[in-house]
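Here is the structure we will look at, set down as structure tokens.
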Number of protein chains: 2
Amino acid sequence: MEIKVVKKVLDANDEMARQNREMFKEKGVFVLNVMSSPGSGKTATLVKTLGRIMPDIKCAVIVGDICTTNDADRLATTGAPVVQINTDAFGGDCHLAAHVIKKAAQGLDLDSIDLLIIENVGNLVCPAEFDMGENARVVILSVTEGEDKPVKYPLMFRVCDAALLNKIDLLPYLDFDIEEAKGYIQKVHPEIDIFEISARTEHGFDKWIEWLKEKIVW
Amino acid sequence: MEIKVVKKVLDANDEMARQNREMFKEKGVFVLNVMSSPGSGKTATLVKTLGRIMPDIKCAVIVGDICTTNDADRLATTGAPVVQINTDAFGGDCHLAAHVIKKAAQGLDLDSIDLLIIENVGNLVCPAEFDMGENARVVILSVTEGEDKPVKYPLMFRVCDAALLNKIDLLPYLDFDIEEAKGYIQKVHPEIDIFEISARTEHGFDKWIEWLKEKIVW
């Protein structure tokens, strides 16, 4: 009974995600869904990413949090239009979903956007289950979180096109085996692209930005 | 309609949590629910905590993960009986709930346990909503996650009796303002007890263990 209800919600979400994808395609907007645990560095990574690709690529951001506009405030410093979604208005939801993105997109001038980045709610579980009509998905894993997260939260790594191993400037101070972590990521998703980055120092950003630019060509 | 379904699930959970709490009380078992984001150091903190309080206090652990028995394997090295719950058997659930704990408790000899620790699924959102019949709740926040998590995920900090600021051995290498973080925690929950710890060096463990020991007296 409970499973049926969940299935119905997911089916409805998938149908709306399909509509979103069609709408974004018509407008020539490429949509990137960025996910991670809380505090893995989504906002910091995106601020630095936007600094490197704008204004050549016209960007906008939809950012989801349960509460606060902290992330939107930081992202707005890049000059990109930002729509903040506080999911406490939707019952404190632990993820963004297609209907929320549809509504948020109404606050953006899609004709003047090449790349729409969705910064999801910080959560390594639930967001992986909700398609929003995006064209690519990226997961960020901070090296402070331990090597085994990909095998403990496999769906997240399975649905993503790239994994960014962030905060590698902290590696000298951690007991973190980066090759072991990469091995776990490849174990759950052999075709995924993996980048080592530091949003603080911008180490590894050249390759990540190159990947992103190649990806967003329609 | 959807909200009604969610309410029904939560009501059923609350009723079962009440039954669990009664059962644990009859057996003289104090139950502690430990929650955090993925990779904040729940398992490492618990391994060191068990090492300090066992065998004076007879402990057991129920540990929830979507996949793998990694955490159970680490916890078992302490000599405590450990029950691993893999929520992928329950639909990949992002949290533990009362019915799961009831079932897991059947695998433990409650008569010989003083303290049952529940290590929840790594998630700063959903586990805060599900009472399991515990007597106290602790949230772990790693200082690598940024200062503003308490205001972005307020429910988690509101439902907990103590907050452990973990990995403080990394503070010299981070741009983390610990007083700001504490201020945010107190803003959402003024009565909460806050401890600065490092599960790696055991810095701050004396005070945390003292708090825990005082708490578990029936």
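Sequence lines set the chain letters: A, B, ... in the order given, protein chains first and strands last, and positions in each chain run from 1. We use all heavy atoms of the structure for the numbers below, so side chains are in, but hydrogens, waters and symmetry mates are not.
Considering only residues two or more places apart in sequence or on other chains, B:E15 meets the side chain to side chain donor-acceptor pair (under 3.5 Å) condition with B:R18, B:Q19. With sequence neighbours excluded, no residue satisfies side chain to side chain donor-acceptor pair (under 3.5 Å) with B:N20.
Residues of residues 174-188 of chain A lying under 4.5 angstrom from chain B, judged on non-hydrogen atoms, are A:L174, A:D175 by number. Proximity to chain A at a heavy-atom threshold of 4.5 Å picks out B:Y153, B:P154, B:K167 from residues 153-168 of chain B, in numerical order.
Looking only at side-chain heavy atoms (C-beta outward), B:D71 and A:K152 come within less than 4.5 Å of each other.
Chosen from A:V151, A:V121, A:L124, A:D169, the residue pairing most often with chain B at heavy-atom distances under 4.5 Å is A:V151. Between chain A and the residues B:L141, B:N123, B:L170, the most heavy-atom pairs under 4.5 angstrom are made by B:N123. Annotation: maximal heavy-atom pairing with chain B below 4.5 Å, among A:S40, A:P38, A:S37, occurs at A:P38. Counting heavy-atom pairs closer than 4.5 Å to chain B, the top residue among A:S142, A:G122, A:G41 is A:G122.
Summarising the geometry, atom SG belonging to A:C126 is positioned 8.5 Å from atom NE2 belonging to B:H95; distances are rounded to the nearest 0.5 Å.
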### Task
For the pair A:T144 and B:E145, evaluate side-chain contact (heavy atoms from CB on, under 4.5 Å) and give the outcome as yes or no after the intermediate values.
CA-CA 9 Å; A:T144 61; B:E145 291 173 53; over 6 Å; no
### Task
Start with the C-alpha distance between A:I66 and B:V125, add both sets of side-chain angles, then the distance that settles side-chain contact (heavy atoms from CB on, under 4.5 Å), and finish with yes or no.
CA-CA 9 Å; A:I66 298 171; B:V125 189; 3.5 Å; yes
